[in-house]
Amino acid sequence: QETMFHDGRDTTLETQVIGPLVSQEEMANPSIGYVIAKIASLADYDGLFEAAFGGGATVERIGRAIASWERSLLAGESAFDRWRYGGRRDALTEKQRHGHELFSGKAGCAACHLIGDDHALFTDHEFHDTGLGFRAEAMSRQSGSVSVEIAPGVFTAIDRAVVESVGEPRQADLGRYEVSHEPRDLWRFKTPSLRNAALTGPYMHDGSISSLEEVVRFYNAGGVPHEGLDPLIRPLGLSDDEVSALVAFIEALTAGNIADLSADARSAQVGNWSGRGGGLMDPTTYPQQD
């Protein structure tokens with residue numbers, strides 16, 4: 001990836017690390033200095049930064065440590081890869097191959113979710129306005145009732161004032177504009193990779209769409225029409241069978257090593273605490289966790 005976050009506000013993994021550590025919506029540490037002091041006080045980390053980087057924890061070394069691990073999380077060798085780059089004609093089903101034809105042709109997905117001759121990250125690294133940010137802003141200004149999902153698939157109408165009384169004030173969701181401050185970037189969000197998308201719902205930058213089928217239908221309908229809508233977003237005229245084929249193709253982008261990555265991530269107890277003085281144990285002796 002060339003940039004990080006939906007608005008592209010960070011350009012490296014090393015610097016991206018800092019935001020979640022101090023964000024009030026995420027880990028909510030009061031400062032990065034607090035994080036450094038906390039790490040220095042924990043026996044779990046005794047000698048580890050020194051061994052890896054020649055010195056104790058610093059902002060730079062924390063970023064390097066986490067980024068180095070993140071770069072090891074390679075999830076490839078999907079059915080699509082075996083078919084497209086491995087020469088395995090039988091790796092995709094007929095339905096998935098039809099989905100690929102639609103993806104690259106009639107549906108126009110590949111205009112933003114690029115497929116190269118020798119690799120495919122499924123993003124153009126650019127920012128586009130699909131109308132979702134515009135719609136959310138418009139809805140926030142409406143009075144009356146709003147539809148609230150109170151159980152999976154169960155919605156009820158609740159007065160907007162009641163909803164707003166029990167939640168935090170709505171944060172601005174302006175997309176790339178928050179980084180560039182250029183009016184043309186209002187409500188433009190980064191094109192995400194589609195690799196492993198079948199595993200990463202809910203979808204869109206705000207998690208407002210719950211399934212891949214709904215995502216395809218959103219684009220099939222032409223997004224949310226408004227003055228700033230990206231010209232690539234348009235009604236597609238896909239049939240139900242074509243929508244289903246596109247979803248099947250996206251499902252074929254799921255990596256073949258997901259189970260191994262998941263098992264590796266769960267091979268050490270949270271905090272790396274052994275129960276024997278706080279030191280590290282051989283990770284192969286840890287019990288697997290669900």
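Below, all heavy atoms of this structure are taken into account, side chains as well, without hydrogens, waters or symmetry copies. The shown structure was predicted, so the numbers you read here are calculated from the model rather than taken from an experiment.
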Atom pairs and distances, side-chain donor-acceptor, residues 55-66, under 3.5 Å, sequence neighbours left out:
unit_1 : atom_1 : unit_2 : atom_2 : d
T58    : OG1    : R61    : N      : 3.1
R61    : NH1    : G56    : O      : 2.8

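Hydrophobic cluster of F5: the remaining members, joined at side-chain heavy-atom separations below 4.5 Å, are M4, L13, listed by chain and number. By the 4.5 Å side-chain criterion applied to Ile, Leu, Val, Met, Phe, Trp and Tyr, L73 is assigned to a cluster that also includes W69, L261.
Between D129 and R176 no salt bridge is recorded (no basic side-chain N to carboxylate O distance below 4.0 Å). Here R217 pairs with D240 in a salt bridge; the nearest charged N to carboxylate O distance falls below 4.0 Å.
Using a 3.5 Å distance cut-off with no hydrogens or angles, the side chains of E214 and S210 do pair a donor with an acceptor. E25 and S23 share a side-chain donor-acceptor pair at under 3.5 Å. Residues H6 and D206 have side chains that never bring a donor and an acceptor to within less than 3.5 angstrom of each other.
In this structure, the side chain of N29 engages the main chain of L21 through a donor-acceptor pair within 3.5 Å. Between the side chain of E149 and the backbone N or O of G153, at least one donor-acceptor pair lies under 3.5 Å. Within the 3.5 Å criterion, the main-chain N or O of I233 finds no donor-acceptor partner in the side chain of Y219. Remark: side-chain polar atoms of D124 are paired, donor with acceptor, to backbone N or O of E126 under 3.5 angstrom. Formation of a donor-acceptor pair under 3.5 Å by the H113 side chain with backbone atoms of P192 is found in this model. Side-chain N or O atoms of E137 include none that pairs as donor or acceptor with a backbone N or O of F134 at under 3.5 Å.
The neighbour count for E94 CD, taken as heavy atoms of other residues, nucleotides or ligands under 6.0 Å away, does not exceed 12. The local environment of OH in Y34 is sparse, with at most 12 non-hydrogen atoms from other residues, nucleotides or ligands closer than 6.0 Å. Heavy-atom neighbours of K106 NZ from other residues, nucleotides or ligands within 6.0 Å: above the threshold of 12.
At least one side-chain heavy atom of V224 sits under 4.5 Å from a side-chain heavy atom of F218. Side chains of K95 and S244 form a contact here, defined as non-hydrogen atoms less than 4.5 Å apart.
For D185, the side chain to side chain donor-acceptor pair (under 3.5 Å) test picks out S180, R188, with sequence neighbours left out. Remark: R88 pairs with D90 by the salt bridge (charged side-chain N to carboxylate O under 4.0 Å, His left out) rule, at least two apart or across chains. Scanning for side chain to side chain donor-acceptor pair (under 3.5 Å) contacts around R9 gives D7, with sequence neighbours left out.
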*From CA spacing to verdict: side-chain contact (heavy atoms from CB on, under 4.5 Å), V22, S31*: CA-CA 6 Å; V22 297; S31 70; 5.5 Å; no
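Residues F249 and F80 place their aromatic rings such that the two centres sit under 6.0 Å apart.
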